[in-house]
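Chain A is the first sequence line, chain B the second, and so forth, proteins listed ahead of strands; every chain is numbered from 1. We use all heavy atoms of the structure for the numbers below, so side chains are in, but hydrogens, waters and symmetry mates are not.
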Amino acid sequence: MTTLTPVLTDTWDKDRSWRLATYERAGGYAGLKKALTMDPAALVQTVKDSGLRGRGGAGFPTGMKWGFLPPPDGGPRYLVVNADESEPGTCKDIPLMLASPQHLIEGVAITSFAIGCDHAFIYVRGEVLHVYRRLLNAVEEAYKAGYLGKNIQGSGFDLDVTVHAGAGAYICGEETALLDSLEGLRGQPRLKPPFPAVAGLYARPTVVNNVESIASVPAIVANGADWFSSMGTEKSQGHGLFSLSGHVTRPGQYEAPLGITLRELLDLAGGVRAGHELKFWTPGGSSTPIFTQEHLDVPLDYESVGAAGSMLGTRALQIFDETVCVVRAATRWTDFYAHESCGKCTPCREGTYWLKQVLHRIEDGAGQDGDLELLVDLCDNILGRAFCALGDGAVSPITSSVELFRDEYQAHIDSHGCPFDPSASALFPYTPKTRTPGTLAGAGAGGH
Amino acid sequence: MTADPQAATKTGYDAETVASLTADATAIMARYPDPRSGLLPMLHLVQSVDGYVSRDGILFCAETLGITAAEVSAVATFYTQYKRHPNGTYTVGVCTNTLCAVMGGDAIFDELSDHLGVGHDETTDDGAITLERIECNAACDYAPVVMVNWEFFDNQTPETATALADKLRLGDDVVPTRGAASVCSFKQMSRILAGFPDGRADEGVGAGEPTLAGLKIARERGWTAPSSGQAGEPVEPVETGPVGKPGSSAERPAATPSDTAVGKDKKPGEDAK
Ligand SMILES: Cc1cc2nc3c(=O)[nH]c(=O)nc-3n(C[C@H](O)[C@H](O)[C@H](O)COP(=O)(O)O)c2cc1C
Ligand code: SF4
Ligand code: FES
């Protein structure tokens with residue numbers, strides 16, 4: 001049986017967990033102190049050896065990413081932390097930064113030292129006011145304690161950190177869109193190459209990493225690469241935050257070695273809500289193809305989830321029981337992608353618009369024979385043809401749900417409406433308000 | 001003659017407002033190597049004065065950064081937090097992304113909408129509340145979620161949400177589940193988002209129950225991560241192979257296409273396939 005491994009979460013239950021003093025009492029900043037005595041190249045090697053892979057979704061090896069910066073040319077190099085967390089279902093970085101922002105700040109300092117950066121940025125989504133307060137405060141505390149600023153801990157290393165609030169746009173989580181946004185532009189993805197490692201922020205060599213990736217660095221440096229790789233599976237090493245949400249008895253954050261299964265996690269979380277059973281779930285956010293009961297024993301590591309036809313993504317485990325209409329779920333996610341499409345490329349901009357139309361008419365009972373073929377065909381025209389991964393992600397919930405629940409879609413068409421009672425899925429009893437079909441006064445009216 | 005700040009601007013702001021905006025904008029630009037990076041915080045700053053991105057605010061940003069008003073507008077209209085009409089004192093956002101919607105977010109939105117007599121992105125007549133449907137706010141383990149001026153109100157029901165709205169309209173303090181001890185106004189919030197903290201970071205909790213769910217079990221059962229000793233020899237990564245100059249993270253210059261290709265963005269987990 002897999003046991004939980006609190007590392008990042010370990011300080012979260014302490015009194016005033018967000019304060020520097022609390023973090024230091026728990027051994028915080030030992031990693032930075034050790035790092036400053038090391039050769040930066042050796043630090044990069046340690047992170048490579050640890051097997052740490054990006055926790056923002058794509059799972060790219062973190063140390064290797066750092067290693068791809070060109071050699072110093074005397075000009076600036078940047079670290080940009082991706083704290084935009086907006087992928088539906090994903091809810092790990094925000095609680096981390098609320099409870100223990102110093103984990104991230106220490107990681108920023110170590111990473112900056114390793115890659116030769118003297119100005120790092122944390123790009124946090126603008127819709128989490130208190131998290132922004134805590135980050136600004138954490139940076140200020142770290143400056144005062146000499147962990148940031150000039151001549152850090154007497155090492156001669158200088159580092160400034162700017163915490164930057166976004167303004168509401170999911171696409172700004174895509175790393176090159178994030179860079180454009182940080183430069184004061186519309187957040188639209190850039191053509192690659194050049195990659196950020198070569199020409200990133202202000203066209204300078206830049207590392208973009210997820211919050212959890214960077215926050216994992218201090219313990220790797222303090223405890224060693226072998227310590228980290230002693231957790232997890234052969235190719236998916238270390239600990240990760242698994243976020244359970246939805247129809248589960250005790251939703252929340254479970255920090256475990258990669259490779260734990262949903263069956264094990266549900267066991268810890270008290271199972272699916274009482275009296276109900278699992279219908280479908282996302283392994284890594286809404287952009288990852290959905291799974292069912294059949295996948296309860298798939299090890300949640302990059303390779304196994306990939307082999308089973310989905311993606312580990314952000315370990316955002318959204319649990320839906322048998323009361324949930326899969327058409328409703330997919331339609332709502334599609335509203336999201338249509339709204340968040342940045343409009344730069346035609347397949348995604350137009351495709352998500354049409355997907356939304358077709359799905360809404362199926363959900364509202366106006367679906368026609370041939371609509372499912374049309375949906376799949378639209379998805380085929382987006383997948384692999386979009387400019388960035390948002391477009392690919394948009395089709396995942398549709399293609400996977402049509403494949404797994406085709407009959408349920410067909411039933412909406414045949415019986416001219418949704419056979420489910422939405423109130424059965426809610427956590428409280430209510431009487432659904434009647435809506436004039438087609439006007440969509442309620443959900444999915446879009447426009448947000 | 002002392003320079004009249006108003007003379008240099010096409011905005012309709014009075015001299016005092018121009019002076020304070022200019023001082024704040026200067027502080028914002030100083031945070032970045034390139035002043036243009038200050039545009040997003042500057043737009044939040046404009047909202048802290050006008051309650052939305054006004055025409056004057058757009059002109060102010062354009063003049064400050066030496067770009068056109070059209071360039072500023074192009075950015076302002078891209079992001080949902082920048083409002084084109086005067087916002088209510090409170091933005092009440094109901095998460096209606098799939099997970100929250102299913103858990104009750106749709107019912108909460110419908111109830112609030114009926115109760116307040118406004119739809120998405122509309123403001124009550126008294127100017128107190130702008131109602132919005134919002135996307136996933138990274139609090140799914142607290143579903144259904146309502147945000148008031150982007151502070152968390154977790155685990156809501158139609159009853160708690162309407163009671164919350166009533167209090168806001170009466171001007172009573174409301175207390176977020178995870179956030180400051182009370183919710184500030186839209187303008188005050190916008191000033192914080194511009195990077196000017198209000199000294200309230202120490203208010204509120206560090207975590208709610210779901211955030212601590214796994215940790216609690218680990219504590220009860222005595223589970224910990226391996227200690228550094230348990231994992232065998234701590235690594236002394238000295239043999240690093242070919243490296244760049246001291247201080248460099250580079251093992252070699254990125255010279256071939258495959259060097260740079262590794263940065264290729266993948267969709268989550270794609271490389272696992
Ligand atoms: C549409 C889209 C949204 C994304 N959102 C996020 C996000 O909110 N946070 C994040 O860390 N990565 C996000 N990513 C992935 C980033 O592009 C990038 O891969 C990641 O920040 C790299 O960090 P990592 O290697 O540490 O995971 C997103 C990607 C796409 C295509
Ligand atoms: S795929 Fe969508 S989000 Fe990405 S560039 Fe194209 S339009 Fe923009
Ligand atoms: S779906 Fe509502 S917070 Fe994530």
Side-chain angles (χ1 to χ4, degrees), chain A residues 3-7 9 12 17 41-42 44-46 57-58 66-67 71 85 88 91 94-95 99 115 126-127 129-130 133 136-137 162 165 167-169 184 186 193 195 197 223-227 230 245 250-252 254 302 306 311-313 318 329 332 389 392 425-426 428 430 433 443 448, chain B residues 31 36-37 39-40 75 78-81 96-99 101-104 106-107 110 133 136 138 140-141 150-151 157 179 193 197 201 206-207 210-215 217-218 223 225-226 228 231-232 234-235 237 240 243-244 247-251 253-254 260 263 266-269 272-273:
Chain A
T3 61
L4 298 174
T5 48
V7 177
T9 50
W12 295 5
S17 60
V44 175
Q45 191 62 40
T46 301
W66 299 358
E85 187 162 75
C91 51
I94 293 297
I115 66 169
E127 301 109 320
L129 184 63
H130 211 52
R133 284 195 184 100
L136 288 171
N137 191 60
T162 298
R186 297 164 74 91
F195 294 94
N223 299 328
D226 286 356
W227 165 81
S230 74
S245 64
R250 282 186 295 278
Y254 294 80
Y302 297 101
M311 294 170 282
L312 185 62
Q318 304 176 87
R332 194 60 59 86
D392 293 345
S425 313
F428 44 79
Y430 74 98
K433 301 200 188 291
H448 62 115
Chain B
R31 296 178 202 145
R36 171 76 195 247
S37 284
L39 181 53
L40 265 66
V75 172
F78 186 82
Y79 298 93
T80 47
Q81 277 184 292
T96 55
N97 202 298
T98 300
L99 190 116
V102 159
M103 306 289 285
D106 277 354
D110 289 347
R133 309 169 169 290
C136 175
C140 321
D141 46 348
W150 306 111
E151 296 267 31
T157 65
L193 293 180
T211 301
L212 300 175
L215 185 61
I217 293 172
W223 291 345
S228 48
V235 200
T240 48
V243 287
S248 156
S249 65
E251 295 197 314
T260 42
K266 298 180 185 95
K267 59 181 180 254
K273 280 197 195 161

Can you confirm whether [X] sits close enough to [Y] that some side-chain heavy atom of one is under 4.5 Å from a side-chain heavy atom of the other?
X      : Y      : answer
B:D106 : A:R332 : yes
B:T157 : A:Y430 : no
B:W223 : A:T5   : no

What heavy-atom pair brings A:S245 and B:C140 nearest, and what distance separates the two atoms?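 In this case the closest contact between A:S245 and B:C140 is CB-O, 3.5 Å.
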Would you say [X]'s side chain and [Y]'s backbone share a donor-acceptor pair under 3.5 angstrom?
X      : Y      : value
B:T80  : A:G168 : yes
A:T162 : B:R31  : yes
B:E151 : A:L129 : no

If you count heavy-atom pairs under 4.5 Å with chain A, which of [options] comes out on top?
options                        : answer
B:T211, B:L212, B:V102         : B:V102
B:P197, B:A218, B:A107         : B:A107
B:L40, B:I217, B:D141, B:L39   : B:D141
B:C136, B:G104, B:G179, B:A201 : B:A201

Please list, chain by chain and in numerical order, all residues satisfying ring pair (Phe, Tyr, Trp, His ring centres under 6.0 Å) with B:F78, sequence neighbours excluded.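 By the ring pair (Phe, Tyr, Trp, His ring centres under 6.0 Å) rule, B:F78 matches no residue at all.
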Side chain / backbone / both / neither for [X] at chain B, heavy atoms under 4.5 Å:
X      : answer
A:S17  : side chain
A:A197 : neither
A:L136 : side chain

